[in-house]
Amino acid sequence: MSEIKPSLLDFTQKELMLLIKPPFRVKQIFGWLYHQYAEDFDDMKNIPKALKDELSDKFVVNPLTIINKEESIDGTIKYLLQMQDGKTMEAVWLKMKDTQFDESGEVIQEAKYTICVSTQVGCKVGCTFCLTAKGGFTRDLTAGEIVAQVVTLKRDNDHKHNRKINIVYMGMGEPLDNLSNLAKAIEIFKEDNGLCISAKRQTVSTSGLSNKIDQLGAMDLGVHIAISLHAVDDKLRTELIPMNKAHNINSIIEAVKRFPIDTRKRVMFEYLVIKNKNDDIASAKKLVKLLTGIKAKVNLIFFNPYPGTDYQRPTRANMVAFQEYLVNHGLLCTIRDSKGIDISAACGQLKEKELGKEK
Ligand code: SAH
Ligand code: SF4
C-alpha cells in the first residue's frame, strides 16, 4: 500500500491559504478541485510544476477510487469506493426527478439529483434492523473522504459544478458520531468558490444522539436534520436501537425542540415500518401525540428485508392506513419509495464490501 497522505479536499479555502502561497494559486486550485473535478496534480494545467511537486509530496488530490458501480432501472447508481488504506464504503447517486421537456422537445427543467453519502466505515450504533451494523465499526471517514464522495459522483455523472444537488448523510455510519469531520465537510461543501452547496440542501440523518444534536445545533451551520425515530415507546426503540437506553425518546424530542430550524422548514422524522412491530394504528396515535408542538414531517420507510433478518416488510395497506391516520390528524407524512431496491442501494442496505466479496 502506498503512503497515506491528507487530501486537498480535507481543507477549507481559508486553510489552504495558510498552506499554499500566493492566495490566487489557492483560488486556481479550488477551481481544479471543485469545478473541473481534478483527479490528480497532472490535471492542474495552469499550476507551476514546482508547486505541484511540492504539494504532491504532502497531499493527494482525490483520496477515492471507484471500485464498482451498480445501476438500477430507476436511475439510482450505487458506488463502491475505495480509500487510500484499502477500506471501502458506498455512496449512492439518486435521481429524484426526470428531465422535463416541452412539446417541441426543449428541456424545460433539468433532472434533479441527490447524493447519499457515508460518514463512517461501519457504525457503532448497532441497530438490529440495519445491515451496516452487522459489519461492526471500522473507522470514521475524514472530511476529505466525505467531500470526495460528492466530487467523485458529480464527475462520474458529468454533473456540472454549478448544477444544484442535494446531499443526504444517510449512507453508512452515524454522522453525529463523527461530528467534527461532518461539520468540516458541510463547510467545505458550502464554499462559494467550490461546490457552493448551501446548508439548506444538506440533511443530516441521525439515530438520535441527543447531546450531539445539541452540539450540531450550537454550530449553527444551517443544515436540516432527520431523526430516525422508528418507535414511539422506549421499550421497542431500545430493541431496535440499543443506544436508546442512553438517549431515550424524550431526550431526543427535547433536543429537536432546541435545534435551530429555518422557520419555513420542518424537521423530518423517519419511521421505519416493520410488520407486527410498529405498523399498528395505536403506534400512529402515539406518534401524533409525541410530535405535538413540533414542526414535523414524517417519512414512512418500508423495512427492506435482507437474508438472515427476522424483521419483515409491512403490507402496503398497513403503510397507507398508518399514513392516513397521521394526515387526518394534521401531520405531513410521505411514504418513501425505495429507490434502487433492485441493487440494494436503498437506505440501510449499504454494507462494506471488500472488492466484491462480503466482509
Ligand atoms: N445512521 C444514520 C444515517 C444512516 S441510516 C441514521 O440511522 O439515521 C439511514 C436510514 O436508513 C435510517 O433512517 C435507517 O433507519 C434506515 N435503515 C436502516 N436499515 C434499514 C432497512 N433494512 N430498511 C429500510 N431502512 C433502513
Ligand atoms: Fe448506524 Fe444508522 Fe445503521 Fe443504526 S441505522 S446502525 S445508526 S447506520
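Start at 1 and go down the list; that is how both ligands and their atoms are numbered.
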Tell me the contacting part of S207 for ligand 2: side chain, backbone, both, or neither, using a 4.0 Å heavy-atom threshold, strictly below.
side chain

So which of [options] gets nearest to [atom], if we judge by its closest heavy atom?
{"atom": "atom 4 (C) of ligand 1", "options": "P175, G171, C123", "answer": "G171"}
{"atom": "atom 15 (O) of ligand 1", "options": "R336, H230, E270", "answer": "H230"}
{"atom": "atom 2 (Fe) of ligand 2", "options": "G173, P242, A133, G135", "answer": "G173"}

Could you list the atoms of ligand 2 found under 4.0 angstrom from a heavy atom of G126?
6 (S)

Below 4.0 angstrom from a heavy atom of V125, which ligand 2 atoms are there? Numbered from 1 as shown, please.
7 (S)

In sequence, state the C-alpha distance, the side-chain angles, and the governing distance for K212 and E174, and then conclude on salt bridge (Lys or Arg N to Asp or Glu O under 4.0 Å).
CA-CA 11 Å; K212 299 282 178 75; E174 166 51 52; over 6 Å; no

At a 4.0 Å threshold, what atoms of ligand 1 neighbour a non-hydrogen atom of [X]?
{"X": "L272", "result": "23 (N), 24 (C), 25 (N), 26 (C)"}
{"X": "E174", "result": "1 (N), 2 (C)"}
{"X": "T206", "result": "6 (C), 8 (O)"}
{"X": "G173", "result": "1 (N), 2 (C), 3 (C), 4 (C)"}

State whether the shortest distance between N or O atoms of [X] and N or O atoms of ligand 1 falls below 3.5 angstrom.
{"X": "Y306", "answer": "no"}
{"X": "M170", "answer": "no"}
{"X": "Y169", "answer": "no"}

Honestly curious: do [X] and [Y] fall in one hydrophobic cluster under the side-chain, below-4.5 Å linking rule?
{"X": "V273", "Y": "I281", "result": "yes"}
{"X": "L141", "Y": "I66", "result": "yes"}
{"X": "M44", "Y": "V60", "result": "no"}
{"X": "F30", "Y": "L19", "result": "yes"}

Of all heavy-atom pairs linking V125 and P242, the shortest is O-CD, 4.0 Å

Do other residues, nucleotides or ligands put more than 12 heavy atoms under 6.0 Å from K275 NZ?
no

Taking atom NZ of K265 as the centre, report whether more than 12 heavy atoms of other residues, nucleotides or ligands fall under 6.0 Å from it.
no

Which bit of C130 is near ligand 1, meaning a heavy atom under 4.0 Å away: side chain, backbone, both or neither?
both

Under 2.8 Å: N/O/S of C123 next to atom 1 (Fe) of ligand 2
yes

For F322 together with Y271, are the ring centres under 6.0 Å from each other?
yes

Students often mix this up, so state it plainly: with edges at 30° and 60°, are the rings of F189 and Y169 parallel, tilted or perpendicular?
tilted

Does the side chain of N181 come under 3.5 Å of the side chain of T142 through a donor N or O and an acceptor N or O?
no

For F302, is the nearest heavy atom under 4.0 Å from an atom of ligand 1?
yes

Under 2.8 Å: N/O/S of C130 next to atom 3 (Fe) of ligand 2
yes

